[in-house]
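Below, chain A is the first sequence line, B the second, and so on; all start at residue 1. The figures that follow rest on heavy atoms only: side chains count, while hydrogens, waters and symmetry mates do not.
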Amino acid sequence: MSEFKKVNRSENYSEWYNYIVDAAELAQHSAVKGCMVIKPYGYAIWEKMQADLDKRFKATGHSNAYFPLFIPKSLFEAEEKNAEGFAKECAVVTHYRLKADPDNKGKLIVDPEAKLTEELVVRPTSEAIIWNTYRGWIQSYRDLPILINQWANVVRWEMRTRLFLRTAEFLWQEGHTAHATKDEAIAETTQMLKVYASFAEDIMAMPVIQGIKTANERFAGADETFCIEAMMQDGKALQAGTSHFLGQNFAKAFDVKFTGKDGKQDYVWATSWGVSTRLMGALIMTHSDDEGLVLPPKLAPIQVVIVPIFRSEEDFLAIQEKANNIKSELEAKGVSVKFDGRDTLKPGFKFAEWELKGVPVRLALGMRDIQNNTIEIARRDTKEKTSTSMDTVVDDVMTLLTDIQNNLYQRALDFRTAKTKVVNSKEEFLKVMDEGGFAMAHWDGSSESEEKIKEEYKATIRCIPLNNPQESGTCFFTGNTSKERVVFARAY
RNA sequence: CGGGGUGUAGCGUAGCCCGGUAUCGCGUCUGCUUUGGGAGCAGAAGGUCGUAGGUUCGAAUCCUGCCACCCCGACCA
């Protein structure tokens, strides 16, 4: 008997998470502290995310470009709040050469002669280098807007890392736009928030709350930070994407002015927005179960796997032929199909393995099916199995893929709804935090009470939802007057 | 960065207290038999015991430093 490690999601959520990442071959730890290797299967999912997002960015008028990994310290520190916010987690390059160690043959040391005259910060984000560049690109309102995105890696020296959720180096995209007016920049910020929200919901099948961050949670250097927040299966919140209205802060720090129609000079208005490989963690923690990864069809590198069940070589060849017909028909409809013809493994093993990898639909085809003109069709999300006619299987699969995509979203939404509680007292609040979930509670709007709540309950305000209903009430924590409820949760 | 734990073959482990170069399962390879939910038998290969030192005739085992990972904190866009 093979020994398969079983990890229960309900028993130990983080152990379960690590198990999924490992067993589904998404990523692994590397020889570099805090840095991960994204394995081919995991990277294939990220590539599908990238492809879809990139299309959305282009459709909203953005172009891709690339800026340097290294940022001279003097540029980095130009926007003070931003620099301060990131200072504690910056990797810094101080030298540009190694040399043979005179005292230790075969070893290298940093050449003390090769000290840089100015240290280079490895980008934790690229506002500084980009706005320094934009200065040279912008003179007139005719040069605006500038709508640029870059796909890049960034480094934030985190103390405690978790695969995909928080690593020292991660992959992301960062959009950086420049506008002539404040209104236009705000419109851009909200537009990109909507892009992220619809990507999360339509592609990842992950419901999100769109909202505004409080001052405490705001991006360093931004006037306003918008975000999408998702609920994981343990009831904790995960910030899945952010879109920042940067005001004129970077324009002032980097002296980026333009001449308007009226001939007057003004500072440029800015936005930036990003999502990262953290979305991989969000994806895992939104849908997966004790049998392994569960992928929404729109992100699955393999959407359908066909497992042949055979005794003899002749059987196998007959089944393979049928399977390949189905495969071609599905592929013609844009579905990615894998025929698992490995002859050393039993079907049951293959079933379990593809379930572990989250393949949405499995077809099993044996001689019995061929005689009856049937095929077994199984869905990963509910693990239901049925037999269908070979004549309708292609249509059935197409329908099922749509069903699974919708079902995953609905299931996640129902879960979030059930775990979101309206809370009016400290007791209720604590109960929700301990059980996991979102607490919709009145808050008096002060940073001080926000801090104290964080200290006492380890909970933060995830966001103030957009179009938040206004209702007068009293802050559950201080009893002060409040005009709206905000979303509280413990967070990743 | 603090507290606790772990590190032995690709994976999971026994051995460690009480020193004598390593156990078992899975996987891998070969052969035969199997195949509708994680196959069986037979044979084989595979290990600087995380790493660097120290103690010792002898170290997986004892001591020290370092590294990595896990859990809990601190930190965190």
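Using a 4.0 Å heavy-atom criterion, one finds that A:D369 contacts the bases of the nucleic acid, with or without backbone contacts as well. Within the nucleic acid shown, A:R278 has no heavy atom closer than 4.0 Å to any nucleic acid atom. Among the atoms of the strands shown, none is found under 4.0 Å from any heavy atom of A:R218. Among the heavy atoms of the strands lying under 4.0 Å from A:K385 is at least one base atom, whether or not backbone atoms are also near. At a threshold of 4.0 angstrom between heavy atoms, the contacts of A:S14 are confined to the sugar-phosphate backbone, with no base atom among them. Within the 4.0 angstrom heavy-atom criterion, only backbone atoms of the sugar-phosphate kind lie near A:G34; the bases stay farther away.
In this entry B:rG38 has no Watson-Crick or G-U wobble partner, no candidate having both defining distances under 3.5 Å. Remark: B:rA59 base-pairs with no nucleotide; criterion is Watson-Crick or G-U wobble with both hydrogen-bond distances under 3.5 Å. B:rG43 and B:rC29 make up a base pair, with Watson-Crick or G-U wobble contacts both under 3.5 Å. Nucleotide B:rG73 has B:rC1 as its partner under the Watson-Crick or G-U criteria, with both atom distances under 3.5 Å. In a base pair of the Watson-Crick type (N1 to N3 plus N6-O4 or O6-N4) or a G-U wobble (N1-O2 and O6-N3), with each distance short of 3.5 Å, B:rU23 is matched with no nucleotide. Partner assigned to B:rU6 is B:rA68, using Watson-Crick or G-U wobble distances below 3.5 angstrom.
Between B:rC70, B:rG36, B:rG38, one nucleotide has an atom nearer to the side chain of A:A364 than all others, and that is B:rG36. For A:R160, the side-chain atoms get nearest to B:rG73 when compared with the rest of B:rG73, B:rG36, B:rU35. Of the candidate nucleotides B:rG37, B:rG36, B:rC71, B:rG36 has the atom lying nearest to any side-chain atom of A:I309. Proximity note for A:E353 (side chain, C-beta onward) versus B:rG38, B:rC75, B:rC72: the nearest is B:rG38. Side-chain proximity of A:K88 to B:rG37, B:rG73, B:rC75: nearest is B:rC75. Closest contact between the side chain of A:F351 and the listed nucleotides B:rC70, B:rG36, B:rG37 involves B:rG37.
With salt bridges taken as basic N to acidic carboxylate O contacts below 4.0 Å, one links A:D289 and A:K383. A:R380 and A:E355 are not joined by a salt bridge, as no carboxylate oxygen comes within less than 4.0 angstrom of a charged side-chain nitrogen. Between A:D434 and A:K458 there is no salt bridge, since none of the side-chain N atoms of the basic residue sits less than 4.0 Å from a carboxylate O of the acidic one.
Summarising the geometry, the separation between NZ on A:K350 and P on B:rG38 is reported as 13 Å, rounded to the nearest angstrom. Spacing between atom CD of A:E376 and atom P of B:rG36 amounts to 12 Å, rounded to whole angstrom units. Going from atom CZ of A:F349 over to atom P of B:rG27 covers 8 Å, rounded to whole Å. Rounded to whole Å, atom C1' of B:rC1 lies 14 Å from atom CD of A:E89. The distance from atom NZ of A:K39 to atom P of B:rG10 is 14 Å, rounded to the nearest whole Å. As a whole-Å value, the separation of A:D343 CG from B:rC32 C1' is 14 Å. Rounded to whole angstrom, the span from the OH atom of A:Y13 across to the C1' atom of B:rC72 amounts to 19 Å. B:rG38 atom C1' lies 15 Å from atom CH2 of A:W354, rounded to whole Å.
A distance of 6.0 Å or more separates the ring centres of A:W46 and A:F164. Note: A:W16 and A:Y19 fail the aromatic proximity criterion, with ring centroids not under 6.0 Å apart.
One finds a side-chain N or O of A:N18 lying less than 4.0 angstrom from the OP1 or OP2 phosphate oxygen of B:rC71. Phosphate contact (OP1/OP2 of B:rC75, side-chain N/O of A:R166, threshold under 4.0 Å): absent.
Only the P atoms considered, B:rG10 is 9 Å distant from B:rU48, to the nearest whole Å. The same atom, C1', is picked in B:rC49 and in B:rC24; the two are 16 Å apart, to the nearest Å. The gap from the P atom of B:rA9 to that of B:rC75 amounts to 38 Å, rounded to the nearest Å. Using P as the reference atom, B:rG65 and B:rG2 are 13 Å apart when rounded to the nearest Å. Using P as the reference atom, B:rU28 and B:rC72 are 34 Å apart when rounded to the nearest Å. Going from the C1' atom of B:rG50 to that of B:rA60 covers 12 Å, rounded to whole Å. Across the C1' atoms, B:rU21 and B:rC57 are found 15 Å apart, a figure rounded to whole Å. Annotation: B:rC41 and B:rG47 have their C1' atoms spaced 27 Å apart (nearest Å).
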Would A:K431 and A:E435 count as a salt bridge (Lys or Arg N to Asp or Glu O under 4.0 Å) here? Give the steps.
CA-CA 6 Å; A:K431 189 161 177 276; A:E435 285 172 358; 3.5 Å; yes
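Toward the 5' end of RNA chain B, the nearer of the two residues A:Y492 and A:M367, judged by each one's closest nucleotide, is A:M367. Between A:A491 and A:T344, the residue anchored nearer the 5' end of RNA chain B, judged by the nucleotide with its closest heavy atom, is A:T344.
Applying the 3.5 Å distance criterion, the base of B:rG40 shares no donor-acceptor pair with the side chain of A:K346. You'll find a donor-acceptor pair under 3.5 Å spanning the side chain of A:E355 and the base of B:rG37, going by distance alone. Applying the 3.5 Å distance criterion, the base of B:rG36 shares no donor-acceptor pair with the side chain of A:R311.
Under the side-chain hydrogen bond (donor to acceptor under 3.5 Å, both in side chains) criterion, A:H287 pairs with no residue at all, not counting sequence neighbours.
Looking only at distances, no side-chain donor or acceptor of A:D381 sits under 3.5 Å from a matching main-chain atom of A:L408.
Between A:R379 and the choices A:T386, A:I404, A:V397, the side-chain contact (heavy atoms from CB on, under 4.5 Å) rule is met once, by A:I404.
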